[in-house]
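Down below is the structure, laid out as structure tokens.
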Amino acid sequence: MEGRTTLKGNIFRALSANFIVAIVGFLGSFIFPRILTIDDYALYHTFTLYLSYITILHLGFPSGMAVNYAGKDFKTIDKKQYKSELILLLLILTVGTLGLFAGAFIVKSIMLVYISLAVIPVGVIGSYKSLLQSWNRFKAFSRISTILSLSVPIFAIAYYFVTGGLPGDTYIVIYLITNWLVTAYIIFENATYVRGSKLNKLFSKRNFETEKIGLALVAGNYINTLFVSADKQFVNLFFDTEKFAFYSFAMSMQSLMTVFITSISQPLFPAMAQGKFHEKEYNDVKSLLVVFGSLSGCAYFAVSIIVKYFIPKYMESLSVVSVYFVVFPAMAVINCLYTNMYKIFGKMKMYVTTLAAILAIAIILNAGFVFIFKDYRGVAIATTITYYIWFIAGFKQFDFMKLTKNDVFYLIIYTVGFFVITKIQNYFIGFFVYGIFILILAVACYRKILEKYLCVYFKGKR
């Protein structure tokens, strides 16, 4: 019972912090498209696209650390070992930075300079947040997430009001400065914690084993990154700047909702690592995630209202948003259960193989929609189909997970209902109709599961 209470508390903390992240991101996702030109907006999203590719430069070492520390108490860790891990991580990231700087000098690319300057802050912040999750330190995790989410948009908007403009390059520089400041804070905090401790050997057998574990993880995670960004890269390569800006805007809307899915995934990982779930409970969680993912569709109507009245120049992107929001039930199960189960059950080879297959399917489908239909919106359809292929494949990989008739019925009715209701021109009415539709459908398909977990939740509240 205590373990469940802790899990619920951790999910609440992650949701609370990510709610702030989502609200700020939600506002920023509409403010910046309005104050930036389409070209500057596209430039910034080109930066964020290539930023996602640099995570491999830490060579998986922090991923191995996160697995080793999963479910452990931060206060009991070996400071000598932790100190050596921190120094080794910084060395790896520094080598990656210098390599990209050299590449930027050779090809004379300012974008590559920006990316190289992001290697250390992105690597340090991402690694530290992963460790905080492993240690169940969600208060500290929430603090870091909140600072990051607030700082960049506040500084960018302040610059806009002072100067009357916000070039894309300036927006990128603000991002870099903010992340470097947070990185400096993290390094100082950790240096203070391990001060006075002797240093274990950097190139020790233990660190080698950590790297070995991490390499398998980073291979899978990097293929996942390529998969997640494949559609955006296709649009970037084969369509003009305006279409890329529209598509990037739709992707930013999807990313906002993914924040809430991540809020559940983060606390689930250490709980699953500690063996707090039985096989039947995984199926219950799967059903709850499907409902949660479908409820996320309510956000489509909020997005539509704001776009229509605040940034009408992005109205065309709503057709992409509507397609992408259908993916959330599958994405919730994949991100919260599958990716965690691959790690917890030691199925890293299966994880990498699955991601490689999913990436290949995504590339084939994206290419097909681009070259046959010559419409950038088709890329969103291809990506959504790919997610559901992975969703179905997962039930074959984890045989204790079952795709029930209720699940199939729910997803079919949900998909049809979503596309029908999103045709309602009055978005305010559409919001309420959709919300009522999902609640009725959820009760019809999952009444017993909903009653069971709602009763547990409210008993815990009392």
Side-chain angles (χ1 to χ4, degrees), residues 17-54 97 100-101 104 108-126 128-129 142-188 232 236 241-242 244-256 258-259 302-303 306-307 309-314 317:
N18 284 330
F19 181 73
I20 297 172
V21 173
I23 292 297
V24 174
F26 191 75
L27 295 173
S29 294
F30 294 107
I31 291 172
F32 292 114
R34 183 177 176 88
I35 65 179
L36 289 165
T37 66
I38 285 181
D39 286 345
D40 283 327
Y41 186 75
L43 176 68
Y44 181 74
H45 275 279
T46 300
F47 168 71
T48 59
L49 172 61
Y50 289 109
L51 199 64
S52 65
Y53 296 144
I54 65 174
T97 299
L100 280 182
F101 259 129
K108 295 179 172 57
S109 168
I110 186 63
M111 181 58 72
L112 199 52
V113 171
Y114 292 146
I115 297 300
S116 62
L117 288 171
V119 172
I120 291 176
V122 167
V124 169
I125 293 170
Y128 190 54
K129 288 174 71 175
S142 300
R143 184 171 63 249
I144 296 290
S145 298
T146 302
I147 290 171
L148 277 172
S149 66
L150 290 172
S151 301
V152 176
I154 286 174
F155 290 143
I157 291 170
Y159 182 93
Y160 173 78
F161 280 117
V162 170
T163 65
L166 182 63
D169 289 281
T170 302
Y171 194 11
I172 293 170
V173 170
I174 290 171
Y175 174 93
L176 290 170
I177 291 172
T178 302
N179 277 262
W180 267 104
L181 289 173
V182 174
T183 300
Y185 164 77
I186 291 172
I187 291 173
F188 175 78
K232 198 172 180 181
N236 186 38
T241 300
E242 184 179 59
F244 179 68
F246 291 154
Y247 198 87
S248 297
F249 177 80
M251 287 289 291
S252 69
M253 296 300 101
Q254 185 205 46
S255 298
L256 285 176
T258 306
V259 166
V303 169
I306 298 173
V307 170
Y309 295 105
F310 190 64
I311 43 174
K313 63 182 177 181
Y314 282 90
S317 67

> Tell me, which pairs form a ring pair (Phe, Tyr, Trp, His ring centres under 6.0 Å) where one or both residues lie in residues 155-174, sequence neighbours left out?
Replying inline: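 Ring pair (Phe, Tyr, Trp, His ring centres under 6.0 Å) check on residues 155-174 returns Phe32-Tyr171, Tyr44-Tyr171.
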
> Shortest non-hydrogen contact from Ala118 to Leu176?
Replying inline: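 Minimum heavy-atom contact is CB-CD2, 3.7 Å.
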
> Between Ser151 and Thr178, which heavy-atom pair has the shortest distance, and what is it?
Replying inline: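 Ser151 and Thr178 have their closest heavy atoms at CB-CG2, 3.3 Å.
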
Return the set of residues passing side chain to side chain contact (heavy atoms under 4.5 Å, CB included) with [X] (not counting sequence neighbours), or none when no residue passes.
| X | answer |
| --- | --- |
| Leu43 | Met111, Asp169, Ile172 |
| Tyr53 | Leu49, Tyr50, Tyr222, Thr225, Leu226, Ser229, Gln233 |
| Ala245 | Ile38, Tyr41, Ala42, Tyr314 |

Calculate, to the nearest 0.5 Å, the distance between atoms [atom1] and [atom2] belonging to [X] and [Y] respectively.
| X | Y | atom1 | atom2 | value |
| --- | --- | --- | --- | --- |
| Ile31 | Leu36 | CD1 | CG | 11.0 Å |
| Ile174 | Ile154 | CD1 | CD1 | 12.0 Å |
| Ile144 | Ile186 | CD1 | CD1 | 4.5 Å |
| Thr241 | Asp39 | OG1 | CG | 5.5 Å |

Do the side chains of [Y] and [X] get nearer than 4.5 Å, heavy atoms only?
| X | Y | answer |
| --- | --- | --- |
| Asn236 | Tyr247 | no |
| Thr163 | Thr170 | no |
| Leu51 | Tyr175 | yes |
| Phe249 | Ile311 | yes |

>> For Met251 and His45: C-alpha separation, side-chain torsions, deciding distance, then whether side chain to side chain contact (heavy atoms under 4.5 Å, CB included) applies.
In response: CA-CA 10 Å; Met251 287 289 291; His45 275 279; over 6 Å; no

>> Going by side-chain hydrogen bond (donor to acceptor under 3.5 Å, both in side chains), name the residues that satisfy it together with Asn179, two or more places apart in sequence or in a different chain.
In response: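 Listed in chain order: nothing, the list is empty.
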
>> Checking Thr37 now: which residues fulfil side-chain hydrogen bond (donor to acceptor under 3.5 Å, both in side chains) with it, not counting sequence neighbours?
In response: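 Testing Thr37 for side-chain hydrogen bond (donor to acceptor under 3.5 Å, both in side chains), a comparison that skips the adjacent residues, returns Asp40.
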
> Counting N and O atoms only, with roles assigned by atom type, does the side chain of Ser116 sit under 3.5 Å from a partner on the main chain of Val113, one being a donor and the other an acceptor?
Replying inline: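 Side chain of Ser116 to backbone of Val113, a donor-acceptor pair under 3.5 Å: yes, one is there.
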
